[in-house]
Amino acid sequence: MGNTRLLIFTLACVAFVVKALSYEPELGSSRVVFQTSYGDIEFGFYPTVAPMTVDHIFKLVRLGGYNTNHFFRVDKGFVAQVADVPNGRSAPMNEEQKKIAYKTILGEFSDVKHVRGILSMGRHDDPNSGGSSFSMLLGDAPHLDGKYAVFGKVTKGDETLRKLEEVPTRREGIFVMPTERITILSTYYYDTNMESCEEERSVLKRRLEASFLEVERQRMKCFP
């Protein structure tokens, strides 16, 4: 009996650990696409994990804040980091963009793991100094867990990330930086729920057209 209880307890512990390690929060319906000089990268947000961070970054995207920005850091197997908006853009900012770009936000640290594809906020030593720079993980980085705010993940474009990893780099202090500018040419966003509605509208339209043809056939048959 004792061995059976021990076995059950052990299995329960293993199941709990596996669940904890495989935990992945639900993505929101918004998607952002960065059109870079090496291809497109699409990502989504974790609004239940880091709501303030998501709101801040998505607001900057909607204002066009990341247009003409660049990836200032590409460390193969570690991160591709987007420069902060005020210093990374080649185009000047308007007043509305400046108002958001210079804001800092509280660190929303969570249990979500830093694995390839995760989006993680950049910051200085102050845990509440996150602004507009963030990283796309190019590999697993458990040493960042709980110390940097995870707020989303890449949903399409891993092939573009792999291209970035092959760009020649140079080291400057702790940073590995590309020797050429990797520009975010433009950005756009969409809502996956709206995409679903478009499909439903398309199906409904086809059904209505089919119904119209059937009614017309019956009319011609009964009322020639």
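Source: prediction; values computed, not measured.
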Novice: Let me check something: any side-chain donor-acceptor pairs from residues 54-65 under 3.5 Å, sequence neighbours excluded? List them with distances.
Specialist:
from	atom 1	to	atom 2	distance (Å)
His56	NE2	Gly131	O	2.7

Novice: Would a single hydrophobic cluster contain both Phe43 and Tyr189, if residues Ile, Leu, Val, Met, Phe, Trp and Tyr are joined by side-chain heavy-atom contacts under 4.5 Å?
Specialist: yes

Novice: Apply side-chain contact (heavy atoms from CB on, under 4.5 Å) to Tyr46 and Ile118, showing your working.
Specialist: CA-CA 10 Å; Tyr46 292 143; Ile118 282 293; 4.0 Å; yes

Novice: Which atom pairs, donor and acceptor, lie under 3.5 Å between side-chain atoms of residues 136-150 and protein residues at least two apart or in another chain?
Specialist:
from	atom 1	to	atom 2	distance (Å)
Asp140	OD1	Arg116	N	3.4
Asp145	OD1	His114	N	2.8
Asp145	OD1	His114	ND1	3.0

Novice: Might you work through the side-chain hydrogen bond (donor to acceptor under 3.5 Å, both in side chains) test for Asn67 and Ser186, ending with a clear yes or no?
Specialist: CA-CA 5 Å; Asn67 295 347; Ser186 62; 5.6 Å; no

Novice: If every non-hydrogen atom of Leu27 is compared with every non-hydrogen atom of Gly44, which pair is closest and at what distance?
Specialist: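 Distance-wise, the nearest heavy atoms are CD2-C, 3.6 Å.
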
Novice: Within the distance-only criterion (no hydrogens, no angle test), does the side chain of Thr179 pair as donor or acceptor with the backbone N or O of Pro168 below 3.5 angstrom?
Specialist: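 Such a contact is found between Thr179 side chain and Pro168 backbone.
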
Novice: List the residues meeting salt bridge (Lys or Arg N to Asp or Glu O under 4.0 Å) with Lys76, not counting sequence neighbours, and say none if there are none.
Specialist: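 Lys76 satisfies salt bridge (Lys or Arg N to Asp or Glu O under 4.0 Å) with Glu166 once adjacent residues are dropped.
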
Novice: Calculate, to the nearest 0.5 Å, the distance between atoms CG and CD1 belonging to Leu161 and Ile41 respectively.
Specialist: 4.5 Å

Novice: Mind checking ring-ring contact (aromatic ring centres under 6.0 Å, His included) for His124 and listing every partner two or more places apart, or none if nothing turns up?
Specialist: none

Novice: Quick check on the hydrophobic clustering: are Val32 and Val79 connected, directly or via other members, by side-chain heavy-atom contacts under 4.5 Å?
Specialist: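 As far as the 4.5 Å side-chain criterion goes, Val79 and Val32 are not connected within one cluster.
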
Novice: Indicate yes or no for a side-chain donor-acceptor contact from Ser132 to the backbone of Asp84 under 3.5 Å, with no hydrogens or angles considered.
Specialist: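 Here the side-chain-to-backbone pair does not exist.
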
Novice: Side chains of Phe71 and Ile184: does their closest heavy-atom pair fall under 4.5 Å?
Specialist: yes

Novice: List for me each residue that meets side-chain hydrogen bond (donor to acceptor under 3.5 Å, both in side chains) alongside Gln81, sequence neighbours excluded, and say none if there are none.
Specialist: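 With sequence neighbours excluded, Gln81 shows a side-chain hydrogen bond (donor to acceptor under 3.5 Å, both in side chains) to Arg73, Ser133, given in chain and number order.
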
Novice: Would you say Tyr188 ends up clustered with Tyr38 if hydrophobic residues are merged whenever their side chains have heavy atoms under 4.5 Å apart, either directly or through other cluster members?
Specialist: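 The answer is no; the residues belong to distinct hydrophobic clusters.
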
Novice: When rounded to the nearest 0.5 angstrom, what distance separates CG in Asp75 from CG in Leu164?
Specialist: 12.5 Å

Novice: Is there side-chain contact between Glu180 and Val167, with heavy atoms separated by less than 4.5 Å?
Specialist: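 They are in side-chain contact.
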
Novice: State which residues pass side chain to side chain contact (heavy atoms under 4.5 Å, CB included) with Pro47; sequence neighbours excluded, sorted by chain then number.
Specialist: Phe45

Novice: Identify the two heavy atoms, one from Ser110 and one from Val49, that lie closest to each other, and give their separation to 0.1 Å.
Specialist: OG-CG1, 3.4 Å

Novice: Look only at the side chain of Thr155 and the backbone of Glu42, and say whether a donor-acceptor pair between them is shorter than 3.5 Å.
Specialist: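 Confirmed, Thr155 side chain pairs with Glu42 backbone.
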
Novice: Salt bridge check, Glu159 against Arg162: does any charged N sit closer than 4.0 Å to a carboxylate O?
Specialist: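 No, no charged N to carboxylate O under 4.0 Å.
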
Novice: Run the side-chain hydrogen bond (donor to acceptor under 3.5 Å, both in side chains) test against Ser135 and tell me which residues pass, sequence neighbours left out.
Specialist: none

Novice: For residues Met177 and Ile182: do they belong to one hydrophobic cluster (side chain heavy atoms under 4.5 Å, members Ile, Leu, Val, Met, Phe, Trp, Tyr)?
Specialist: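 No.
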
Novice: Do side-chain atoms of Thr183 reach the backbone of Ser37 as a donor and acceptor pair under 3.5 angstrom?
Specialist: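 Looks like no, no N/O pair under 3.5 Å.
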
Novice: For Phe72, check ring-ring contact (aromatic ring centres under 6.0 Å, His included) against everything at least two apart and list the hits.
Specialist: Phe175

Novice: To the nearest 0.5 angstrom, please state how far the CG atom of Asp40 sits from the OG1 atom of Thr187.
Specialist: 11.0 Å

Novice: Any side-chain heavy atom of Gln97 sitting closer than 4.5 Å to one from Val85?
Specialist: no

Novice: Of all residues at least two apart in sequence or in a different chain, which pass the side chain to side chain contact (heavy atoms under 4.5 Å, CB included) check with Asp125?
Specialist: none

Novice: Just jot down the salt bridge (Lys or Arg N to Asp or Glu O under 4.0 Å) partners of Glu172, sequence neighbours excluded, or say none.
Specialist: Arg170

Novice: With heavy-atom distances below 4.5 Å as the criterion, would you say the side chains of Lys156 and Arg31 are in contact?
Specialist: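 No - every pair of side-chain heavy atoms lies 4.5 Å or more apart.
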
Novice: Looking at OG of Ser129 and CE of Met121, how far apart are the two atoms once the value is rounded to the nearest 0.5 Å?
Specialist: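 The CE atom of Met121 is 9.0 Å from OG of Ser129, to the nearest 0.5 Å.
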
Novice: Which atom pairs, one a donor and one an acceptor, fall under 3.5 Å between side chains of residues 102-109 and the rest of the protein, sequence neighbours left out?
Specialist:
from	atom 1	to	atom 2	distance (Å)
Glu108	OE1	Met52	N	3.2
Glu108	OE1	Thr53	N	2.7
Glu108	OE1	Thr53	OG1	2.7
Glu108	OE2	Met52	N	3.1

Novice: Can you confirm whether Ser90 sits close enough to Arg181 that some side-chain heavy atom of one is under 4.5 Å from a side-chain heavy atom of the other?
Specialist: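 Result yes, sub-4.5 Å side-chain heavy-atom pair found.
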
Novice: Tell me, please, which residues at least two apart from Tyr66 pass ring-ring contact (aromatic ring centres under 6.0 Å, His included).
Specialist: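 Per chain and number, Tyr66 pairs via ring-ring contact (aromatic ring centres under 6.0 Å, His included) with Phe34, Phe134.
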
